[in-house]
2 protein chains.
Amino acid sequence: MSTEELKALFNQSGQRFTAQREAVWQLFVEHPRGLTIAQATTVLAERKISQTTIYRTVKNLQDMGYLRWVHNPEGEHRYLATRPGHTHMLVCRQCDRAVECSDCDLSVLEQLIARKTDFTVEGHYLEFYGLCPNCRKTL
Amino acid sequence: MSTEELKALFNQSGQRFTAQREAVWQLFVEHPRGLTIAQATTVLAERKISQTTIYRTVKNLQDMGYLRWVHNPEGEHRYLATRPGHTHMLVCRQCDRAVECSDCDLSVLEQLIARKTDFTVEGHYLEFYGLCPNCRKTL
DNA sequence: ACAGTTAATGAAAAAATATGTCAATAAAAA
DNA sequence: TTTTTATTGACATATTTTTTCATTAACTGT
């Protein structure tokens, strides 16, 4: 999703793609691991963007389908920019470094689950965690 | 998980399986779709159980692995009674009904990713979403 | 470029959600 | 029973999220 495309989409529905909205979107694009509202607020405070705007923009983007809300088992709420193509994150529990891994074929698993439960499985959210090479060395 | 088993588990760790705790547990067992804290509070207020106790008991049960936290796209937080251990949720995006699926073998995938990235992969968080049989019919 | 129109922003207040404190209570142990 | 210890509930406090409304900024038509 390029900035231009996003702008066009906003404009289509009579909404404006303001500097603030662009900044919020950019921030999430730059952080593939996602951010909590609190984190986004801290970063964007430097650019004088208010917390209220961040809440509103995140909800906007979420409704449009460009941000996805995920929670981890610890109860942290974060938002991730949905990416074209299906990728997953592999996150270091020590330093939070994240890499994307695009090869995931869960279709067999989804089929199995669909058969067992009679649900229509539309998708999944998958995140791996572990230790990155650096942290493994220094621990 | 029977009430007796749960009581035993509480007692094992020097905790008491009080009437309040039993009531909270029972409530979640009776509601397979899960409940928010607010919903649980409303119901259990009739039995003079305080909100504080509900928060605490939910956290307790969650730490023990018998309640699991799920989120729907609207941002509602609800808790579901589940069995402990490594299971995953399959959540209906329409009605929020959730079922557990325990068969997930991602070990091959984890090995592949470990080799590619040099991370030590310790685990994963996986959640499926889709449509439950009922909602598929009525849509 | 300019004025008119409409949407978006930010600050503050309000509401909703969650956690901490502590005296009173209830359960288990001695 | 008495003592000990865990748990509860009321309240206070903290955190998170939403609403309100005057101000500001972005589009529209001229």
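Computed over heavy atoms, backbone and side chain alike; hydrogens, waters and symmetry mates excluded. Each chain gets a letter, A, B and so on, in the order its sequence line appears, and its residues count up from 1. Quick caveat: nothing in here was measured; it's all calculated off a predicted structure.
Between H77(A) and T18(A), it is H77(A) whose nearest contact on DNA chain D lies nearer the 5' terminus. Residue whose closest nucleotide on DNA chain C sits further toward the 5' end, between K48(A) and K59(B): K48(A). Nearest-nucleotide assignment on DNA chain C puts the 5′-proximal partner with Q20(A), out of A19(B) and Q20(A). Take the nearest nucleotide of DNA chain D for Q51(A) and for F10(B): the residue whose nucleotide is more 5' is F10(B).
Distances from the side chain of Y55(B) to the nucleotides dT7(D), dG9(D), dT19(C) place dT19(C) closest. With distances taken from any side-chain atom of T52(A) to the nucleotides dT8(D), dT17(D), dA12(C), the minimum falls on dA12(C). For I37(B), whose side chain is taken as the heavy atoms from C-beta onward, the closest listed nucleotide among dA18(C), dG10(C), dG9(D) is dA18(C).
At least one donor-acceptor pair closer than 3.5 Å links the side chain of T82(A) to the backbone N or O of G65(A). No donor-acceptor pair under 3.5 Å is formed between the side chain of R97(B) and the backbone N or O of P133(B). Judged by distance alone, with hydrogens and angles left aside, the side-chain atoms of R21(B) form no donor-acceptor pair with the main-chain N or O of F10(B) at under 3.5 Å.
Under the 30°/60° scheme for interplanar angles, the aromatic rings of H88(A) and F128(A) are found to stand perpendicular.
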- [ ] Show the numbers, then the answer: is there a side chain to side chain donor-acceptor pair (under 3.5 Å) between Q20(B) and T53(B)?
- [x] CA-CA 8 Å; Q20(B) 289 92 333; T53(B) 295; 5.9 Å; no
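Regarding F17(A), its CZ atom lies at a distance of 11 Å from the P atom of dT9(C), rounded to whole Å. For E76(A) and dA18(C), the CD to C1' distance is 16 Å, given to the nearest whole Å. If you measure from atom CG of N60(A) to atom P of dT18(D), you get 13 Å, rounded to the nearest angstrom. In this structure, L44(B) places its CG atom 12 Å from P of dT8(D), rounding to the nearest Å. Rounded to an integer number of Å, the gap from CD1 of I49(B) to P of dA26(C) is 14 Å.
Taking CG of L131(A) as the start and CG of L90(A) as the end, the distance is 10.0 Å to the nearest 0.5 Å.
When only modelled atom types and interatomic distance are considered, Q26(B) and E30(B) share a side-chain donor-acceptor pair under 3.5 Å.
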I'd like a table of atom pairs between the protein and nucleotides 4-6 of chain D - only N or O on both sides, under 3.5 Å - with the distance next to each one.
residue: dT5(D); atom: O2; partner: R16(B); partner atom: NH1; Å: 3.3
residue: dT5(D); atom: O2; partner: R16(B); partner atom: NH2; Å: 3.0
residue: dA6(D); atom: O4'; partner: R16(B); partner atom: NH1; Å: 3.2
residue: dA6(D); atom: O4'; partner: R16(B); partner atom: NH2; Å: 3.1

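At dG9(D), one or more side-chain N or O atoms of T53(B) fall inside 4.0 Å of OP1 or OP2 (strictly under the cut-off).
The base of dG20(C) has none of its N or O atoms less than 3.5 Å from a complementary donor or acceptor on the side chain of R56(B).
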